[in-house]
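So the structure is just underneath, and the comments pick up after that.
The basis for the numbers below is simple: all heavy atoms, side chains too, and nothing from hydrogens, waters or symmetry mates.
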Amino acid sequence: MAMQINDLGNLQMIRTSSMHTGETTLASIAGESFGHITSAAEKNNVKKQHSFENYLLDAVNKMNDQQLDVSAMEQQLITDPDSVDIHDVTTAMAKAQMSLSLAQSVIDRILTGWSEISTTR
């Protein structure tokens, strides 16, 4: 099975196991077509996905959404306790706390790395 990738040329795929064969193409598994981006919006979307800045902003936005969801669940628990399962609230709080802790660790690591890079020795 040969596949054309614009930047790399031809890529020869050899399947050594019968379990590795499938019906779908590699492009549909990867979620994008290799080198066949048609619109300007798709080009911007591909560039946006590969940006470290956008990756960090998306992660912070997801963390913020989890924090807001927990706040909404807590308010609903106070105003209408029968409509919310306490286990769902506890699980949401644990997820939000874990994402906050992970974000703090990543930020600390980024700052440590930046200070090591910027320090002249």
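- Side-chain contact between Lys62 and Ser99: absent, with no pair of heavy atoms (C-beta onward) separated by less than 4.5 Å.
- Between atom CE of residue Met98 and atom CD of residue Gln66 there is a gap of 10.0 Å, rounded to the nearest 0.5 Å.
- Here the OH-CG distance, from Tyr55 to Asp58, works out to 9.5 Å after rounding to the nearest 0.5 Å.
- Residues Leu100 and Val60 share a single hydrophobic cluster, defined by chaining ILVMFWY side chains whose heavy atoms lie under 4.5 Å apart.
- Within the model, atoms OG of Ser83 and CE of Met73 stand 9.5 Å from one another, a figure rounded to the nearest 0.5 Å.
- Applying the side-chain contact (heavy atoms from CB on, under 4.5 Å) test between Met93 and each of Val89, Thr91, Thr90 identifies Val89 as the sole match.
- Here Ser115 contributes atom OG and Ile110 contributes atom CD1; the two are 12.0 Å apart, rounded to the nearest 0.5 Å.
- Remark: Asp88 CG to Asp69 CG distance equals 12.0 Å, nearest 0.5 Å.
- A pairwise comparison of heavy atoms in Gln67 and Gln97 identifies NE2-N, 4.4 Å as the closest pair.
- A distance of 13.0 Å separates CD of Gln75 from CG of Asp80, quoted to the nearest 0.5 Å.
- Between Val70 and Ala96, the shortest heavy-atom distance links the atoms CG2-CB, 3.7 Å.
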* Which is it for Phe52 and Leu57 under the side chain to side chain contact (heavy atoms under 4.5 Å, CB included) test, yes or no, and what are the steps along the way? -> CA-CA 9 Å; Phe52 183 71; Leu57 289 175; over 6 Å; no
